[in-house]
Peer 1: 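Below: one structure in structure tokens.
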Amino acid sequence: MNIDTYIPSPLEIINSKELAAMDISLFIKRDDLIHPYYGGNKWRKLKYNLIEMKKQNQSRLLTFGGAFSNHIYACAAAGKYLGFETIGIIRGEECLPLNPTLSFAASCGMKLYYLSRSQYQHKDSTSVTKSLENQFGSFYYLPEGGSNELALEGCKEIVKEIDIHFDYICSACGTGATLAGISSELKTNQKALGFAALKAEGYFEEQLNDFLKLNNDKSKYSIFNDYCFGGYAKINKELIYFMDWFSDTFNVSLDPVYTGKMMFGVFDLIRKGYFPSGSKIIAVHSGGLQGLEGMSSKINQLRVL
Ligand SMILES: *Cc1c(COP(=O)(O)O)cnc(C)c1O
């Protein structure tokens with residue numbers, strides 16, 4: 001496979017007097033730089049799935065996502081650049097003109113197919129899978145967000161690549177697969193912190209149970225539900241001001257759906273004294289910057305408030 005990815009992704013220190021004064025070291029694992037179109041944790045989750053797809057001699061990938069999905073975007077681009085067919089099953093009605101995410105996906109050659117919200121709820125049922133097979137022929141089935149067991153293998157590599165000692169590693173959570181992979185690769189005394197990007201108390205605990213099964217060592221991770229800003233893709237002025245401050249100060253852009261909320265949470269926890277002094281913290285930049293375009297008018301409205 002010709003994979004032009006920036007691996008291992010760079011680990012950068014956040015240079016901050018405020019953090020230095022508290023004796024906190026913060027690093028950012030720049031998975032957003034892995035690839036301009038299929039970087040971030042979506043690449044981590046795709047990698048072993050693409051290897052498996054090839055093993056199965058399958059050249060058509062079918063997957064699922066919302067209309068602004070980073071996963072749909074990444075799969076479409078990977079299909080174009082790595083040479084396989086992609087079908088995107090999109091939640092909800094078709095909305096024309098296509099938003100920036102879907103118009104990019106279509107330009108990569110992804111076939112887009114829409115399921116109503118009620119049908120989409122049953123997208124993983126055998127009857128829906130059968131009818132998709134009748135319609136499109138055989139395919140490699142990748143669940144929403146690319147989150148399955150093989151995804152965890154790729155996410156473990158985020159940790160394997162880190163060659164410094166650290167105490168905490170922080171990641172945004174959408175399905176929890178990335179956090180599950182990361183936490184399962186930690187050594188004693190290391191902890192993964194998950195920042196929920198959506199409002200669903202108890203959901204991530206269940207997800208981690210499902211992903212990790214017998215290996216679910218609950219002492220290896222904690223989930224924070226207080227930094228989802230009211231729900232999935234919900235944003236407010238405080239979040240946007242924080243993200244603007246972060247990019248002005250440290251020259252790293254964050255996305256409003258996942259990494260902005262995670263980093264907001266990391267700084268809030270630091271300032272509240274959650275981390276003992278001397279802590280070394282890694283924040284995973286899981287990508288998602290493509291989503292900025294689709295939210296730009298909403299973001300700009302908040303900036304002038
Ligand atoms: C999809 C996504 C996540 C969520 O990852 P999960 O493995 O589903 O928890 C986090 N950050 C970004 C930027 C994403 O695109």
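Read the numbers this way: they start at 1 and go in the same order the structure lists the ligands and their atoms.
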Peer 1: Are the side chain of S183 and the backbone of A180 linked by a donor-acceptor contact shorter than 3.5 Å?
Peer 2: yes
Peer 1: Report the C-alpha separation of Y258 and F195 in whole Å, then their side-chain angles, then the decisive distance to 0.1 Å, and conclude whether the ring-ring contact (aromatic ring centres under 6.0 Å, His included) test is met.
Peer 2: CA-CA 8 Å; Y258 295 104; F195 293 81; over 10 Å; no
Peer 1: Considering only heavy atoms of C173, which atoms of ligand 1 have at least one such atom less than 4.0 Å away?
Peer 2: 9 (O)
Peer 1: Relative to the ring of F264, is the ring of F242 parallel (under 30°), tilted (30 to 60°) or perpendicular (over 60°)?
Peer 2: perpendicular
Peer 1: Near G288, which atoms of ligand 1 are under 4.0 Å from a heavy atom of that residue?
Peer 2: 13 (C)
Peer 1: What do the steps show when you test H122 against S127 for side-chain hydrogen bond (donor to acceptor under 3.5 Å, both in side chains), and what is the final call?
Peer 2: CA-CA 9 Å; H122 305 290; S127 66; over 6 Å; no
Peer 1: According to salt bridge (Lys or Arg N to Asp or Glu O under 4.0 Å), does anything in residues 8-30 pair up with another residue at least two apart or in another chain? List the pairs.
Peer 2: E12-R30, E18-R271, K29-E161, R30-D32
Peer 1: If you group Ile, Leu, Val, Met, Phe, Trp and Tyr whenever their side-chain heavy atoms sit less than 4.5 Å apart, what else falls in with L62?
Peer 2: F64, I87, I89, Y113, L115, Y120, V128, L132, F136, F139, Y141
Peer 1: Please could you name the atoms of ligand 1 that S286 approaches to less than 4.0 Å, counting only its heavy atoms?
Peer 2: 10 (C), 11 (N), 12 (C), 13 (C)
Peer 1: When you compare ligand 1 with N70, is there at least one nitrogen or oxygen pair between them that comes in under 3.5 angstrom?
Peer 2: yes
Peer 1: Examine ligand 1 and decide if any of its atoms is less than 4.0 Å from a heavy atom belonging to G40.
Peer 2: no
Peer 1: Report yes if some N/O of N41 lies less than 3.5 Å from some N/O of ligand 1; otherwise report no.
Peer 2: yes
Peer 1: Just heavy atoms, cut-off under 4.0 Å: does H71 contact ligand 1 by side chain, backbone, both, or neither?
Peer 2: neither
Peer 1: Distance-only, no hydrogens or angles: does the N216 side chain make a donor-acceptor pair with backbone N or O of L212 under 3.5 Å?
Peer 2: no
Peer 1: Can you tell whether the side chains of D31 and R44 come within less than 4.0 Å, N to carboxylate O?
Peer 2: yes
Peer 1: Would you say ligand 1 has an N or O under 3.5 Å from any N or O of G176?
Peer 2: yes
Peer 1: Taking distance alone, with no angle check, do T178 and ligand 1 share an N/O pair under 3.5 Å?
Peer 2: yes
Peer 1: Considering only protein heavy atoms, which is closest to atom 14 (C) of ligand 1, and at what distance to one decimal place?
Peer 2: K42 NZ, 2.9 Å
Peer 1: Please test E144 against T63 for side-chain hydrogen bond (donor to acceptor under 3.5 Å, both in side chains), starting from the C-alpha separation and ending with a verdict.
Peer 2: CA-CA 6 Å; E144 186 175 51; T63 193; over 6 Å; no
Peer 1: What are the atoms of ligand 1, with element, lying closer than 4.0 Å to any heavy atom of G174?
Peer 2: 4 (C), 5 (O), 6 (P), 8 (O), 9 (O)
Peer 1: Is there a heavy atom of K45 sitting under 4.0 angstrom from any atom of ligand 1?
Peer 2: yes
Peer 1: Heavy-atom distances under 4.0 Å decide this one: backbone, side chain, both or neither, for T175 against ligand 1?
Peer 2: both
Peer 1: Assess G287 for proximity to ligand 1: is some non-hydrogen atom of it under 4.0 Å away?
Peer 2: yes
Peer 1: How many angstroms lie between NZ in K261 and OH in Y232, if you round to the nearest 0.5 Å?
Peer 2: 9.0 Å
Peer 1: Does ligand 1 have an atom that lies less than 4.0 angstrom from a heavy atom of L179?
Peer 2: no
